[in-house]
Structures are given as C-alpha cells and as structure tokens.
Number of protein chains: 2
Amino acid sequence: MSALDAIDLAIMRTLQDNGRISNAELADRVGLSPSACSRRLDILEKNGTISGYHARLSNKALEYKMMVIVHISLSGQFAKTLTEFETAVKLCPNVLVCYLMSGEYDYILRVAAKDLEDYERIHRDWLSALPHVVKINSSFALREIIDRPNVGL
Amino acid sequence: MSALDAIDLAIMRTLQDNGRISNAELADRVGLSPSACSRRLDILEKNGTISGYHARLSNKALEYKMMVIVHISLSGQFAKTLTEFETAVKLCPNVLVCYLMSGEYDYILRVAAKDLEDYERIHRDWLSALPHVVKINSSFALREIIDRPNVGL
DNA sequence: TTCGTCTTCGCAAGGACATTCCGCAGGTTC
DNA sequence: GAACCTGCGGAATGTCCTTGCGAAGACGAA
C-alpha cells in the first residue's frame, strides 16, 4: 500500500462531505482527469482506505428524536463475561455505538430512541436483558452540538 | 411531506449500507424502474429525509487509533456560558460528537486521536482552552464493539 | 356508477457519465 | 543512452441519468 499523497487526501476529503457526486465532478474538484481520478479512487477503495459509503438519514424524519448515553458496569472482567455481553449487545438495533472503556464504567453505549416511551421499551427489553450487568446509568442528551462522521482532515 | 412507504424505506436501507451504487442498481434492488427510483430519491434528498452521503474512511489508514470519551462540567448553566462553550468546541476538528447532557456532567464529547501523544496535544491546545470549563474527565476506549452510522431499520 | 383529479408508474430518447485501452512524459536504474 | 516504471490525459464504447409523456390505479363528489 503506497502512501497517500495530497490528491488522495483531496479525494477522501471531498467524498467524506459529498459521497455521491459523480466521478467526473470529483475529478474536476481535485484537479484530475476523470480517468486518473477513477483509477485512484479504485485503489483507495480496494486497499480499504475508503471502507464504504453511507447515506445519512435524518433522525428527525425517522422520528428518532432522543439520544441516550448509557454507562454500564459488569459483574467481572473475565473474557467470557465480556464476550457474552458483547455478543448480546450487538443484536440491539438501537445501539449505535458501544465501546469497552477504561475507568469507572466497563462499557459506554449510544442509544437512539423515538421518545421516552420507546426508550423505556429498549431499556426493559434489551438493556436490562444484557448478561452480567450490575449497573446501568442512562443520561439523556438535551441537545446535539456536533455529530461528524469523521475527523476533519 | 408525505409519509414514507415500504419502497422509500427500502431505498433508505439500501443507501445506508451502500451509498454509492448507481441509480440503476438501486432501482433494481428495490424493484422499481430507474426513472421512478430516481424521482423518489430526489424527493427524499430534497425534503431532508436523506441528509447527505459520506465516505467512511478507515481510521486505521488515517492512523486515528484512539477514541476518547470526555465528560465536561461548566461553571454554570447560563445561556451565554453554554453558547460560548459550544461555539468554541465546534472549532476542534478532533471532536466527532458533542451533546449537551442531563445528569452529572454538562457535556459529553467523543474525540478521535492518533495516539496518546496526539491526545495530549488535543487536551492541552483545545479542551483545556474551552471557556467556562471546571472539570474534564477523559475515558479511553479499549475496544470498539459497535459503530453504526444509523439505527438498523 | 361515472367522472375528474391526483399520484406514480413504465417507457423512450438524447445527453452525460464510467471505464478501459493506448500512447506519452518524467524520473530512476543499470 | 536504453530499458523500465509510474502516473497522466485523450479517445472510444457501452452504460447510466434525466426528462417528457402517456397509462393505470386510488379516491372523492356528483
């Protein structure tokens, strides 16, 4: 895998903000001919530098108005305990993000819900059912300030 | 804005996972002619249901190997205090997510860094420089379990 | 029922686009 | 200098996107 040069970065930066523009326009923006641009993009996709393209859906339109940050503690840190918890948490479609953490809590989750009633259902049917959990702490987001898909290059 | 029917949801679901396929293939997958599909997609984009398309860049390739969750408390909850903090935090390119929260802390941030040294720089140059902050608590992610762009439909 | 309207479909056409091949230029190695 | 490698632009061809148009179904009012 060769190093990324300035044009590669320009391609990535452009597609990061506007992932569905045509190859012709992409080429124009980064100052390359369409053929050269197509070749470089092909390489970036094949070697995994660009790992995919995703439509961003409006949470408002989908009526997911509520974002909840959930801190979770488990009963132990044994490998089997962690694996079982992680296998279970992956099945919940409302969990957008889950990290194993250092510090006070074992896991931190970002959960999307339509409203309080919906979150009550998620909490009851999914979160409370996760194995080895000894403590769940839900914090509700009052307002979204930033939500970027990637680091600004 | 009319309600979303099953075909609209199929379009959204498809583009959520594969945001750069051609309109012809999209039409094929959702069982519509290309023209009808193009028209529906146009509506979904114009009314904001689909708010954008983003290339997902490999954090590995970009060498962002470290994810940090930062809890922040401010010196007060006055509107002016919050506004000044939010204006400042938006400028830091490493902050991927920022929410105003209920509960113990005022804000929660998700910060991407290349390594510990890089995070030390971000903490020193950006986070510590944010106005009205009285407490910063950084928790490091040990492992990523889930990172979805949207709720599974 | 019957008519008018509204919506959304499929089809067709022409203009734009993606991809591949080819030749060229610049740099490197022997 | 010659052989080689890399990455570019231009041209060709097959595909795709878009727009206009007519038809079919849903729905409400007369």
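Values reported hereafter were calculated over all heavy atoms of this structure, with side chains retained and with hydrogens, waters and symmetry mates removed.
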**Asked** Which sits closer to the 5' end of DNA chain D, B/Ser22 or A/Cys37, going by the nucleotide each is nearest to?
**Response** A/Cys37
**Candidates D/dC8, C/dC9, C/dT19 - which lies nearest the side chain of A/Leu32** = D/dC8
**Prompt:** Does one side chain, of B/Ser138 or B/Tyr119, offer a donor that lies under 3.5 Å from an acceptor on the other?
**Reply:** yes
**Prompt:** Looking at C/dT19, C/dG10, D/dG9, which one has an atom nearest to any side-chain atom of A/Pro34?
**Reply:**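 The nucleotide sitting nearest to the side chain is C/dT19.
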**Request:** Round to the nearest Å and state the distance from B/Leu41 atom CG to D/dT19 atom P.
**Result:**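 Distance, rounded to whole Å: 13 Å.
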**Request:** Report yes if a side-chain nitrogen or oxygen of B/Ser35 is closer than 4.0 Å to either non-bridging phosphate oxygen (OP1 or OP2) of D/dT18; otherwise report no.
**Result:** no
**Request:** Taking only the side-chain nitrogens and oxygens of A/Ser33, find out if one of them lies under 4.0 Å from OP1 or OP2 of D/dC8.
**Result:** no
**Message:** Between P on D/dG20 and CG on B/Asp42, what's the gap in Å once rounded to a whole number?
**Reply:** 13 Å
**Request:** Measure the distance from CG on B/Asp28 to P on D/dT15 and round it to the nearest whole Å.
**Result:**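 In whole Å, D/dT15 P lies 15 Å from B/Asp28 CG.
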**Prompt:** Could you state the CZ-P distance from A/Arg39 to D/dG10, rounded to the nearest angstrom?
**Reply:** 12 Å
**Message:** Over all strands shown, is A/Arg40 touching base, sugar-phosphate only, or nothing at heavy-atom distances under 4.0 angstrom?
**Reply:**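 Since only primed, P, OP1 and OP2 atoms lie under 4.0 Å of A/Arg40, the category is sugar-phosphate.
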**Prompt:** Atom CD1 of A/Ile43 and atom P of D/dC8: how far apart are they, to the nearest Å?
**Reply:**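 Roughly 9 Å, once rounded to whole Å.
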**Prompt:** Is it true that A/Asp147 and A/Arg110 make a salt bridge, defined as a side-chain N closer than 4.0 Å to a carboxylate O?
**Reply:**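 Yes.
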**Item:** Atom-to-atom span, CG of A/Asn23 to C1' of D/dG10 - whole angstrom
**Value:** 15 Å
**Asked** With the threshold set at 4.0 Å, does a side-chain nitrogen-carboxylate oxygen contact exist between B/Arg40 and B/Asp5?
**Response**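 A salt bridge is present here (some side-chain N lies under 4.0 Å from a carboxylate O).
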**Asked** What pair of heavy atoms forms the shortest contact from B/Arg148 to A/Val95, and how long is it?
**Response** NE-O, 3.1 Å
**Message:** Without decimals, in angstroms, what is the distance between A/Ile7 CD1 and D/dT6 P?
**Reply:** 17 Å
**Message:** Nearest whole Å is fine: how far is D/dC16 C1' from B/Ile21 CD1?
**Reply:**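 Spelled out: CD1 on B/Ile21 to C1' on D/dC16 is 13 Å.
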**Message:** Salt bridge or not between B/Asp42 and B/Arg39? Use side-chain N to carboxylate O under 4.0 Å.
**Reply:**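 No, B/Asp42 and B/Arg39 are not salt-bridged.
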